[in-house]
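Values reported hereafter were calculated over all heavy atoms of this structure, with side chains retained and with hydrogens, waters and symmetry mates removed. Along the sequence shown, residues are numbered consecutively beginning with 1.
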Amino acid sequence: MSPRSASVNEELRRRSRERLLQAAVELVGEHGYEATTLGDIADRAGSARGLVSYYFPGKRQLVQSAVHRLMHRTLEEGLEREPCTEDGRERMARAIDAILGLARDRPVLMRQHMAGILHAEGFVQCPEQQRLSQLLRDTVARHGSADVDTDYPMLRALLMGAVYAALVPGAPMPVPVLRAELFKRYRLDWEMGMPPVPGTPGAPCEKDLSRFFATGRPAPAGRPAADPSAT
């Protein structure tokens with residue numbers, strides 16, 4: 001049997017890393033951060049346990065990278081959903097709804113993520129976080145910012161603050177109230193983005209996250225397969 005090519009090996013490594021990211025998101029969302037071990041994540045991903053430390057320095061770095069991946073792919077999906085638009089105000093509305101939607105639909109995961117950011121080890125700078133940053137910066141620019149370097153950190157801070165406020169145990173603020181405040185700040189019409197319907201709960205939390213992680217698994221019916229070149 002001839003040895004695998006460098007490109008095949010690289011693809012296998014990429015898929016292994018993606019499976020670990022997906023497993024981390026699933027398990028922390030199901031059981032919380034403390035109850036999830038690196039061994040659990042490796043087992044869910046079908047990977048050797050030594051691969052976790054090969055790709056990530058520790059559990060906190062893995063989980064932050066995994067959540068940042070889910071955030072940037074959710075944001076990307078929200079921005080590019082049909083009907084596609086180049087309108088900066090509509091894209092800002094979609095961005096706000098995408099991030100607030102994660103707080104509403106995945107409270108355990110997002111609460112653990114916020115707690116991890118406030119941990120002594122701090123904010124993890126990773127490729128997934130950088131992609132999230134790029135999407136938000138582009139959103140700010142398309143919204144008409146004359147100073148993206150100033151306005152992007154403000155948007156990021158406002159979104160983080162809104163997520164935190166929505167998830168405070170015992171005293172959460174309703175997502176529609178937070179949405180209204182952010183829409184007012186950015187002068188957006190309530191009908192933009194994906195406005196909540198009064199008196200109805202949020203959409204059911206999807207359990208199949210495979211489209212956000214390019215693992216080479218078959219795509220769910222009706223959805224395109226993940227692009228193997230996506231990073």
Side-chain angles (χ1 to χ4, degrees), residues 25 33 60-61 63-81 84-196 202-203 212 231:
V25 162
Y33 179 82
R60 193 166 301 280
Q61 290 85 349
V63 171
Q64 277 204 38
S65 292
V67 178
H68 282 139
R69 165 59 63 89
L70 178 62
M71 291 177 72
H72 98 71
R73 286 289 174 87
T74 299
L75 176 57
E76 184 176 57
E77 185 176 81
L79 290 171
E80 302 306 328
R81 68 176 176 83
C84 293
T85 181
E86 297 299 320
D87 180 76
R89 295 176 70 237
E90 172 63 22
R91 291 179 71 87
M92 177 64 77
R94 292 183 182 190
I96 292 170
D97 283 339
I99 301 304
L100 289 182
L102 284 171
R104 179 195 64 222
D105 300 335
R106 303 189 184 278
V108 174
L109 182 67
M110 295 304 293
R111 190 177 292 118
Q112 298 293 336
H113 179 60
M114 296 300 293
I117 291 175
L118 296 174
H119 192 269
E121 297 173 13
F123 198 69
V124 173
Q125 298 288 343
C126 61
E128 284 73 23
Q129 185 276 326
Q130 292 168 5
R131 294 182 188 110
L132 176 62
S133 171
Q134 289 165 3
L135 285 173
L136 289 175
R137 288 180 67 90
D138 179 69
T139 299
V140 168
R142 295 193 193 206
H143 187 253
S145 170
D147 186 357
V148 174
D149 288 338
T150 298
D151 293 337
Y152 156 66
M154 179 57 69
L155 174 62
R156 182 182 64 191
L158 290 169
L159 289 173
M160 289 176 67
V163 169
Y164 179 84
L167 298 175
V168 174
M173 288 192 68
V175 167
V177 173
L178 296 165
R179 182 185 194 265
E181 190 64 27
L182 288 169
F183 271 43
K184 179 180 178 181
R185 178 182 180 88
Y186 288 101
R187 299 180 180 178
L188 307 175
D189 299 330
W190 182 258
E191 295 75 20
M192 290 179 165
M194 296 185 68
F212 296 114
T231 55

Novice: Quick one: does M154's side chain get under 4.5 Å of V140's, heavy atoms only?
Specialist: no
Novice: So T85 and L79, do their side chains get closer than 4.5 Å, heavy atoms only?
Specialist: no
Novice: Can you tell me how far the OG1 atom of T74 sits from the CG atom of L132, to the nearest 0.5 Å?
Specialist: 10.0 Å
Novice: For a 4.5 angstrom cut-off between non-hydrogen side-chain atoms, does H72 reach Q129?
Specialist: no
Novice: Give the C-alpha distance, both sets of side-chain angles, the deciding distance and a yes or no for side chain to side chain contact (heavy atoms under 4.5 Å, CB included) between M110 and I99.
Specialist: CA-CA 10 Å; M110 295 304 293; I99 301 304; 5.6 Å; no
Novice: Identify whether NZ of Lys or CZ of Arg in R185 sits under 6.0 Å from the centre of the six-membered ring of F183 and within 45° of that ring's axis.
Specialist: no
Novice: Yes or no on salt bridge (charged side-chain N to carboxylate O under 4.0 Å, His left out) for R91 and D87, after CA distance, side-chain angles and deciding distance?
Specialist: CA-CA 6 Å; R91 291 179 71 87; D87 180 76; over 6 Å; no
Novice: R137 vs D151, test: salt bridge (charged side-chain N to carboxylate O under 4.0 Å, His left out). Steps then yes/no.
Specialist: CA-CA 8 Å; R137 288 180 67 90; D151 293 337; over 6 Å; no
Novice: Is the backbone of E86 close enough, under 3.5 Å, to the side chain of R142 for a donor and an acceptor to pair up by distance?
Specialist: no
Novice: Which residue, H68, Q64, R69, forms the side chain to side chain donor-acceptor pair (under 3.5 Å) with E128?
Specialist: R69
Novice: Which pair of heavy atoms, one from V175 and one from A166, lies closest together, and at what distance?
Specialist: CG2-CB, 4.2 Å
Novice: What I'd like to find out is whether the side chain of I96 reaches to under 4.5 Å of the side chain of M92, using heavy atoms alone.
Specialist: yes
Novice: Where do P172 and G170 come nearest, in terms of heavy atoms and distance?
Specialist: CD-C, 3.5 Å
Novice: If we only count heavy atoms from C-beta on, is the L102 to V67 side-chain gap below 4.5 Å?
Specialist: no
Novice: Please determine whether the number of non-hydrogen atoms from other residues, nucleotides or ligands lying under 6.0 Å from atom CE of M114 exceeds 12.
Specialist: yes
Novice: Which distance, rounded to the nearest 0.5 Å, do you find between the CG of L75 and the CG of D138?
Specialist: 9.5 Å
Novice: Salt bridge or not between E90 and R94? Use side-chain N to carboxylate O under 4.0 Å.
Specialist: yes
Novice: Are L109 and L70 packed together at the side-chain level, in the sense that at least one heavy-atom pair is separated by less than 4.5 angstrom?
Specialist: yes
Novice: Side chains of H113 and Y33: does their closest heavy-atom pair fall under 4.5 Å?
Specialist: no
Novice: Is there a side-chain contact between R179 and P174 (heavy atoms, below 4.5 Å)?
Specialist: no
Novice: Answer yes if the side chains of S145 and Y152 hold a donor-acceptor pair under 3.5 Å, and no otherwise.
Specialist: no
Novice: Please give me the minimum heavy-atom distance between A103 and L167, naming the atom from each residue.
Specialist: O-CD2, 3.5 Å
Novice: Could you go through V163 and L178, starting from their C-alpha distance and side-chain angles, then the distance that decides it, and tell me whether this counts as side chain to side chain contact (heavy atoms under 4.5 Å, CB included)?
Specialist: CA-CA 9 Å; V163 169; L178 296 165; over 6 Å; no
Novice: Could you state the interatomic distance from CZ (R60) to CD1 (I117), rounded to the nearest 0.5 Å?
Specialist: 10.5 Å
Novice: Looking at L188 and R89, what are the two nearest heavy atoms and their distance?
Specialist: CD2-O, 3.4 Å
Novice: Between Q112 and V63, does the side chain to side chain contact (heavy atoms under 4.5 Å, CB included) criterion hold? Intermediate values first, please.
Specialist: CA-CA 9 Å; Q112 298 293 336; V63 171; 5.8 Å; no
Novice: Looking at every non-hydrogen atom in both residues, tell me the closest pair between W190 and P176 and how far apart they are.
Specialist: CH2-O, 3.6 Å
